[in-house]
Peer 1: 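Once you've had a glance at the structure underneath, I'll fire off some questions.
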Protein chains: 2
Amino acid sequence: MENTEIIDLLSKHIPISENLAQLILEYSQIKMLQKGAVILREGQMANECFFIINGCMKKYYLKDGEEKITKFYTEGEIITPSSYTNQEPSKYYVSTIEKTIVSYGNPESENAIYKNHPELESLTRKLGEKLMVNTTNEFDNWVNHNPEERYLQLVKERPDLIQRVAQYDLANYIGIRPESLSRIRKRLLK
Amino acid sequence: MENTEIIDLLSKHIPISENLAQLILEYSQIKMLQKGAVILREGQMANECFFIINGCMKKYYLKDGEEKITKFYTEGEIITPSSYTNQEPSKYYVSTIEKTIVSYGNPESENAIYKNHPELESLTRKLGEKLMVNTTNEFDNWVNHNPEERYLQLVKERPDLIQRVAQYDLANYIGIRPESLSRIRKRLLK
DNA sequence: CAATCTCGTTGACCTAAGTTAAGAAGTGAA
DNA sequence: TTCACTTCTTAACTTAGGTCAACGAGATTG
């Protein structure tokens, strides 16, 4: 039922052949996470990576008991915690902010796939390169803009987030307090 | 003359076998760049990537005629412009801030190497993964700290940059004006 | 040597975001 | 319906950084 949805979503990002679709369906495991579920904590080892079929998640640090959100993930995005790739305790948290349906993998199943289908390595590498460019762009974009500009950019490029994410989480992500975002919004209405 | 130095520097970051050292020396080309040389401009296609043997470079955007520095590179670091990997016009500039000696490569020589020595692909992938983790950490680090904290962190983790980079470039990198960095430094002397 | 430039510093004033506190609107539960 | 809780908004005040202008120390040049 959700399985074909995975292929639909994935194919929006990279070309998926019949064979590949078959393969993905064969290996995919799915689970449903309640709103607010914390799927990775600081200090933990991540032994799963996730593909969001439906829902929304956030990645955040805890600094003096305060959340610092650095990323939202939505449908079609992949969460590969750095703790998962380099086997070190995680420095950050990942949790859902809505009921979220994910497909997930672990190192064993991943290795099994690569062993049986080595042609996937290059696909992964390409996805990785794309991710790298995205991450760099995000960083540069952050550095080049002030909170108001970042908010405007969110409105333009991720209107979905404006709708589904609470304003205090948006403000946090933008790097300001909810009160300030409130003022910015007021200011923008002129 | 500088050739053995390349291996020394590289081996600080990843293990280099005898064979690999041989290979690198065989393919490496070296050039010397004057202080202030701009090696990549906005809008240009990058057809070279660089390895710094000696010297210092900066990566920056031009926004309303103002530089916005997002990265310094020093000895042992590799500059692979995103324009180089994905063949799109560059969005940023790269220039030297000192006389700089680099080893450089282009897609043709890179392909030649991979063709003759496919075992290097996995090495490159690992370097890439390390780079990805670094980039993400840098971003998260930026988001989690204010200018004063960023300056203190620079002092602690990149004292070399404090010494060799002009204060207005440091301030720019930290995300503030030179006057503000001056005040922060004064404040910190208590 | 004086004249010029570059770079860092300082001071006065301005502005956007932080802080604190209060209140309004919506939701859900008793 | 009332109460509690969450989320967003508003206001008053504080503060860190921006802006503008001036100055001083080194380095460079004529």
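Chain naming here is simple, since letters A, B, ... match the order of the sequence lines and numbering starts at 1 in each.
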Peer 1: Can you pull the salt bridge (Lys or Arg N to Asp or Glu O under 4.0 Å) pairs that have at least one residue in residues 145-154 of chain B, sequence neighbours excluded?
Peer 2: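 Sorted pair list: Lys63(A)-Glu149(B), Glu148(B)-Arg187(B).
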Peer 1: Is a side-chain donor or acceptor of Ser83(B) paired with a backbone partner of Ala46(B) at a separation under 3.5 angstrom?
Peer 2: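 Yes, the answer is positive, given that a donor and an acceptor are paired below the 3.5 Å cut-off.
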Peer 1: What is the distance from atom CD1 of Ile101(A) to atom OG1 of Thr96(A), rounded to the nearest 0.5 Å?
Peer 2: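 It comes to 12.0 Å.
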Peer 1: Grab the NZ-C1' distance between Lys186(B) and dG8(C) for me, whole Å please.
Peer 2: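 Going from Lys186(B) (NZ) to dG8(C) (C1'), I get 13 Å.
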Peer 1: Mind checking which nucleotides bracket the chain B contacts on DNA chain D, 5' to 3', with an atom under 4.0 Å from a heavy atom?
Peer 2: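 So the contact region on DNA chain D extends dG17(D) to dC20(D).
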Peer 1: If I take atom CD in residue Glu148(A) and atom P in nucleotide dA17(C), what distance separates them, rounded to the nearest angstrom?
Peer 2: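 One finds 7 Å between P of dA17(C) and CD of Glu148(A), rounded.
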Peer 1: Return yes if some donor-acceptor pair links the side-chain N/O of Asn172(B) with the main-chain N/O of Ile69(B) below 3.5 Å, else return no.
Peer 2: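 At least one qualifying donor-acceptor pair exists.
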Peer 1: Let me know the distance between CZ of Arg150(A) and P of dA16(C), rounded to the nearest Å.
Peer 2: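 These atoms are roughly 15 Å apart.
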Peer 1: Whole angstroms only, please: what is the OH-C1' distance between Tyr151(A) and dA17(C)?
Peer 2: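 Value for this atom pair: 17 Å.
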Peer 1: Identify, with sequence neighbours excluded, every residue that meets side-chain hydrogen bond (donor to acceptor under 3.5 Å, both in side chains) alongside Arg177(A).
Peer 2: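 side-chain hydrogen bond (donor to acceptor under 3.5 Å, both in side chains) check on Arg177(A) returns Glu66(A).
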Peer 1: Please list all pairs passing the salt bridge (Lys or Arg N to Asp or Glu O under 4.0 Å) test where one or both residues lie in residues 47-58 of chain A, with sequence neighbours left out.
Peer 2: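 Of all non-adjacent pairs touching residues 47-58 of chain A, those that pass salt bridge (Lys or Arg N to Asp or Glu O under 4.0 Å) are Lys31(A)-Glu48(A), Lys58(A)-Glu67(A), Lys58(A)-Asp169(A).
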Peer 1: Specify the separation, in whole Å, of atom CD1 of Ile184(A) and atom C1' of dT15(C).
Peer 2: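 These atoms are roughly 13 Å apart.
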Peer 1: Applying side-chain hydrogen bond (donor to acceptor under 3.5 Å, both in side chains) as the test, list every pair that has at least one member in residues 33-44 of chain A; sequence neighbours left out.
Peer 2: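 Residue pairs with at least one partner in residues 33-44 of chain A: there are none.
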Peer 1: Please find out if less than 6.0 Å separates the ring center of Phe51(B) from that of Tyr104(B).
Peer 2: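 Ring centroids of Phe51(B) and Tyr104(B) are no less than 6.0 Å from each other.
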Peer 1: Please give, in whole Å, the distance from dA17(C) C1' to Glu149(A) CD?
Peer 2: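 The distance from CD of Glu149(A) to C1' of dA17(C) comes to 15 Å, rounded to the nearest Å.
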Peer 1: Report the distance from atom CD of Glu179(B) to atom P of dG8(C), rounded to the nearest whole Å.
Peer 2: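 Whole-Å distance recorded here is 11 Å.
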Peer 1: Would you indicate what Arg185(B) reaches in the nucleic acid, counting non-hydrogen atoms under 4.0 angstrom: base, sugar-phosphate, or nothing?
Peer 2: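 Sugar-phosphate contact only.
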Peer 1: Within residues 161-177 of chain B, find the residues that approach DNA chain C with a heavy atom at under 4.0 Å, and present them sorted by residue number.
Peer 2: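 The stretch gives Ala166(B), Gln167(B), Tyr168(B) as the residues lying under 4.0 Å from the strand, ordered by number.
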Peer 1: Taking the side chain from Gln167(B) and the backbone from Leu181(B), do they hold a donor-acceptor pair closer than 3.5 Å?
Peer 2: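 Side chain of Gln167(B) to backbone of Leu181(B), a donor-acceptor pair under 3.5 Å: no, none is there.
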